[in-house]
Amino acid sequence: MHSSPHFPLRGLFRRLLGPFAGLEPESVPLHNGEWEALRHRVPFIATLTPEERSRLRELIGQILASREFIGIAAEPEPWQCQVIAAYAALPVLERGLEPYRDWRTLILYPDTFVPEHEWVDEAGIVHQGAIPQSGEAWERGPVILSWNDVERDGAVVVHEMTHVLDAGNGEVNGFPPLPRGQSARDWTHDFSQAYEAFVATVEATAEEDLAALPLDPYAATAPEEFLAVAVEAFFFEPARLREAMPKIYAQLVAYFGQEPHRRGGLIASSTQPAPEHMP
């Protein structure tokens, strides 16, 4: 879905040249009915301050104006694009869209999709297979999501957008470009130490006890997945992450400029139905 129906040539110019010319993206403002429906659908919005809600609403409009939403099987409904844009805007609430400069397209499947993947095992043998996915982010390419998974848990959007942020250094490896003043050395030390400790914990934990860990065990598969899963926890289970991994929580506070534990210890991330009288 193109979200700049008016002045299409000007919108196209801004989408193509804006990242290089330093132009602020145009915004597709949400009218009050759309905004109220979105506030009912996306629970975390209620935890924000009035100033944060205002910034979020503006960022959503900028995302809808400057990014293309493409549906597989059916074109996404405007309200679905708004829900996805809300979750995508949350990580950059205090930073603006510049960290998303390489992301231009969102592809939405109706349900879990099954792309072909190739991987190398510990013995160096190359395998190929189809692995079900709820989301995927390509370096300097599209973000791909399953709507059913977004509806079930909007944290999947934050997970994939974290990979977009991570790719800003040219590679998805758990080390995104850091804000001015944040120590790369401290980030590397804290995340490397926490990742290695978490991998060891997962390996030593019985399968039936994995749910009690502070992060989903998927975080142990690679440093970039550790970062993405930790960011999910940062925004939606902040009290748990802050208690279990205080250094990681502190690094993410410095990176995002937000303190989600002040919003609540556990923040819902499933899409709620809007009242029938709303769009």
Side-chain angles (χ1 to χ4, degrees), residues 41-44 46-47 83-84 86-88 90-91 109 111-115 117 119 121-122 129-137 143-163 165-166 172-174 190-253 255-256 258-273:
R41 289 182 172 119
V42 179
F44 81 77
T47 71
V83 167
I84 292 169
Y87 281 102
L90 178 60
Y109 281 80
D111 205 343
T112 301
F113 52 97
V114 190
H117 281 275
W119 69 95
D121 65 19
E122 294 179 356
I131 303 174
Q133 300 281 340
S134 59
E136 192 170 67
V143 170
I144 307 171
L145 294 169
S146 149
W147 173 252
N148 279 354
D149 288 286
V150 171
E151 193 170 34
R152 186 181 307 112
D153 187 358
V156 68
V157 182
V158 170
H159 183 109
E160 298 307 329
M161 297 315 298
T162 300
H163 288 319
L165 296 171
D166 191 0
V172 179
N173 58 6
D190 290 347
F191 270 91
S192 297
Q193 192 175 67
Y195 172 66
E196 291 168 6
F198 187 71
V199 170
T201 299
V202 169
E203 291 175 347
T205 301
E207 186 172 353
E208 61 269 20
D209 297 326
L210 290 175
L213 297 180
L215 297 178
D216 188 291
Y218 185 64
T221 58
E224 60 269 23
E225 298 302 343
F226 180 82
L227 173 62
V229 174
V231 171
E232 289 185 62
F234 177 74
F235 283 109
F236 302 109
E237 296 181 279
R240 189 179 188 186
L241 181 67
R242 186 170 179 243
E243 180 180 356
M245 299 181 177
K247 289 185 178 180
I248 295 304
Y249 188 84
Q251 288 288 354
L252 295 177
V253 166
Y255 179 78
F256 291 110
Q258 302 182 54
E259 296 182 287
H261 74 278
R262 299 186 183 280
R263 299 171 186 155
L266 181 65
I267 299 168
S269 57
S270 59
T271 301
Q272 304 298 312

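Note that the structure is predicted; figures quoted are calculated from it, not measured.
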CA sep, side-chain torsions, deciding dist, call: Tyr109, Asp149, side chain to side chain contact (heavy atoms under 4.5 Å, CB included): CA-CA 10 Å; Tyr109 281 80; Asp149 288 286; over 6 Å; no
Over 12 non-hydrogen atoms of neighbours within 6.0 angstrom of CD in Gln272: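 Above 12, so yes.
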Flag if over 12 foreign heavy atoms under 6.0 Å of CD, Glu207: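 Open: at most 12 neighbouring heavy atoms sit under 6.0 Å from CD of Glu207.
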Is [Y] close to [X] at the side-chain level, that is, under 4.5 Å between some pair of heavy atoms?
{"X": "Glu232", "Y": "Asp216", "result": "no"}
{"X": "Tyr255", "Y": "Gln251", "result": "no"}
{"X": "Pro91", "Y": "Val158", "result": "yes"}
{"X": "His159", "Y": "Val231", "result": "no"}
{"X": "Tyr87", "Y": "Val156", "result": "no"}

Mutual orientation of the aromatic rings belonging to Phe235 and Phe256 [parallel < 30°, tilted 30-60°, perpendicular > 60°]: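 The arrangement is perpendicular - the two ring planes meet at more than 60°.
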Geometric class of the Tyr195/Phe226 ring pair [parallel <30°, tilted 30-60°, perpendicular >60°]: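 Plane angle over 60°, so perpendicular.
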Verdict with reasoning, Ile84 to Val143, per side chain to side chain contact (heavy atoms under 4.5 Å, CB included): CA-CA 11 Å; Ile84 292 169; Val143 170; over 6 Å; no
Stepwise side chain to side chain contact (heavy atoms under 4.5 Å, CB included) test for Leu227 and Asn173: CA-CA 9 Å; Leu227 173 62; Asn173 58 6; over 6 Å; no
From CZ (Arg240) to CG (Leu213), nearest 0.5 Å: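 The CG atom of Leu213 is 7.5 Å from CZ of Arg240, to the nearest 0.5 Å.
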Rounded distance (nearest 0.5 Å) linking atom CD of Glu160 with atom CD1 of Ile144: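 These two atoms lie 9.0 Å from each other.
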Asp153/Phe236 under side chain to side chain contact (heavy atoms under 4.5 Å, CB included): CA gap, chis, key distance, verdict: CA-CA 10 Å; Asp153 187 358; Phe236 302 109; 5.7 Å; no
